[in-house]
There are 2 protein chains.
Amino acid sequence: MNKLVDMQEALASARSLEELQTFVEGLRDVYSIDNLVYHSVNASGGQYAALTYSNEWVERYIDKGYERIDPVVQGCYKRFTPIDWKALDWSAKPSRDFLGESASAGLGNQGFSIPIRGPSGQFALFSVNQKDNDDRWAKFTEERVSDLILIAHYMNEKALEIEGGPNQGPVRALSPREKDALTLLALGNNRAGVAEALNISENTLRVYIESARFKMGASNTVHAVATALTHGLIVV
Amino acid sequence: MNKLVDMQEALASARSLEELQTFVEGLRDVYSIDNLVYHSVNASGGQYAALTYSNEWVERYIDKGYERIDPVVQGCYKRFTPIDWKALDWSAKPSRDFLGESASAGLGNQGFSIPIRGPSGQFALFSVNQKDNDDRWAKFTEERVSDLILIAHYMNEKALEIEGGPNQGPVRALSPREKDALTLLALGNNRAGVAEALNISENTLRVYIESARFKMGASNTVHAVATALTHGLIVV
DNA sequence: TTCCCCTTCACCAGAAATGGTGAGGTACGG
DNA sequence: CCGTACCTCACCATTTCTGGTGAAGGGGAA
């Protein structure tokens, strides 16, 4: 009778990404939700999603790069608390256009999203989408949001555990000196300053930057620092 | 009768860090827990804690820099899921010494911690500490862990909302073009490439980079991109 | 021992980034 | 209507970074 416990048990046995997809579909049915989305982006840019939207919409979304204008994605990345879609900023024209498109793709008018963060900059969104009026939606939210927050976090943990899931994408570790160099660069020092701080010649410093760049496949210093940062290889 | 709901309501009204401290004490009493700790560290190194340990222990902990050897802190930073302290690695000598000291300071033998992550690299630990035998502790954990996970996340959200809390350090928002520019730079493009991608002259591009730098107080492009990244102003 | 990685240093020419200043236009809120 | 913020472009001297190559000693793993 306890949906939450049932769902947790269903999740506990999941061992593959396919099972997560099945889980999401089951969750949708058990809670009588129109659509559910779990979407994770790890620091390396690797993505994984388990969702109940139509393939057409998903393809269109990816194809058009809608994640760059979707107020849900943009709004949640800076947030830490679950948020109702109504509270987001839909005033910009691209946002309104996107809203119209999503509606024609069959998405409901109501929704909320739970931002979730993991180690090394992993970020995931767990979203609920529903076609409903404001009153019923408010009631639904009040009743279900606690359960869904818990499930969202459990699901994220599961997704991170699973081989090949959003948690993969190992980047070769940086040597201590390489970390020092990139960290000081990220802090705003130029090469001369970093070399001085590290008490090495600028030539030596360059070797570190370049070997770090090489390891991460970065095309220049800015890229290397950005990559190290998003991969959690350095902390500023 | 529903403790979880009561606690959520108690949290909802909190407006200051002092109230969080009071909340933690109330939570301890309501759930009959020996000790509770909420401890947050933001990306800038700013710290905040609300806890029920004795002042002596807290001072000693800070003074001796125990966060560097405490297996709870060290173990949780790499994790994303709640963990029982028994499952941590206590084999190193400093860890065992630390354990002995904590026991003489009145801490219980059982505990678990919930790692929580927020935007911009914020990291918090919500820990429960109890003096109990294994059986009763297992039962307690099973019954309460769900509630406490939720409360931990609510509490972190609250702490981040509160003025002067772990979330301080607002940075002026970037304009869309500034974000585009920094994002493309973070992705490894050089200025020529970014200008081309954005369909603007390199001169114009420079204005964006410089105004972004100015807004964030960054001393060069690398610094600007790193700052934007760590503050969640751009997403790569 | 051999091999690989880390740390350290040097030289150099050419490519790229920087800093500062000036100036046109649009858009929005007070 | 005015101020402020945003978007766009230009010029130029100077500093800084990049790419490529070569080399030596230390440490750990196979």
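Order of the sequence lines fixes the chain letters, A, B, ..., with proteins taken first and strands second; residue numbering starts at 1 for each chain. Predicted model, so just to flag it, every value in this text is computed and none were measured.
Salt bridge absent: A:E19 and A:R15 never bring a charged side-chain N and a carboxylate O closer than 4.0 Å.
When the P atom of C:dA23 is taken as reference, atom CG of B:N203 falls 16 Å away, rounded to whole Å. One atom, CZ of A:F214, and another, C1' of C:dC4, lie 14 Å apart when rounded to the nearest Å. Taking atom CZ of residue B:R206 and atom C1' of nucleotide D:dT15, one finds them 13 Å apart after rounding to whole Å. Between the CG atom of B:L185 and the C1' atom of C:dA17 there is a distance of 11 Å, given to the nearest Å. Whole-Å rounding puts the B:Y208 OH to D:dC6 P distance at 11 Å. In this structure, A:L205 places its CG atom 14 Å from P of D:dT16, rounding to the nearest Å.
Using cut-offs of 30° and 60° for the angle between ring planes, the A:W137 and A:F140 rings count as parallel.
Here the side chain of A:E202 is nearest to one of D:dC17, D:dC6, D:dT8, namely D:dC17. Nearest to the side chain of A:I200, among D:dC9, C:dC9, D:dC6, sits C:dC9.
In this model, the phosphate group of D:dC9 is approached by a side-chain N or O of B:S201 to a distance below 4.0 Å at OP1 or OP2. Taking side-chain N and O atoms only, B:T204 has a distance below 4.0 Å to OP1 or OP2 of D:dC9. Residue A:S175 places none of its side-chain N or O atoms closer than 4.0 Å to OP1 or OP2 of C:dC5. Put simply, A:K179 has no side-chain N or O that comes within less than 4.0 Å of OP1 or OP2 on C:dT7.
Looking at heavy-atom distances under 4.0 Å, B:N190 makes contact with sugar-phosphate atoms alone, never a base. At the heavy-atom level, B:E178 lies nowhere under 4.0 Å from the strands shown. Heavy atoms of B:S211 sit nowhere under 4.0 angstrom from any nucleic acid atom.
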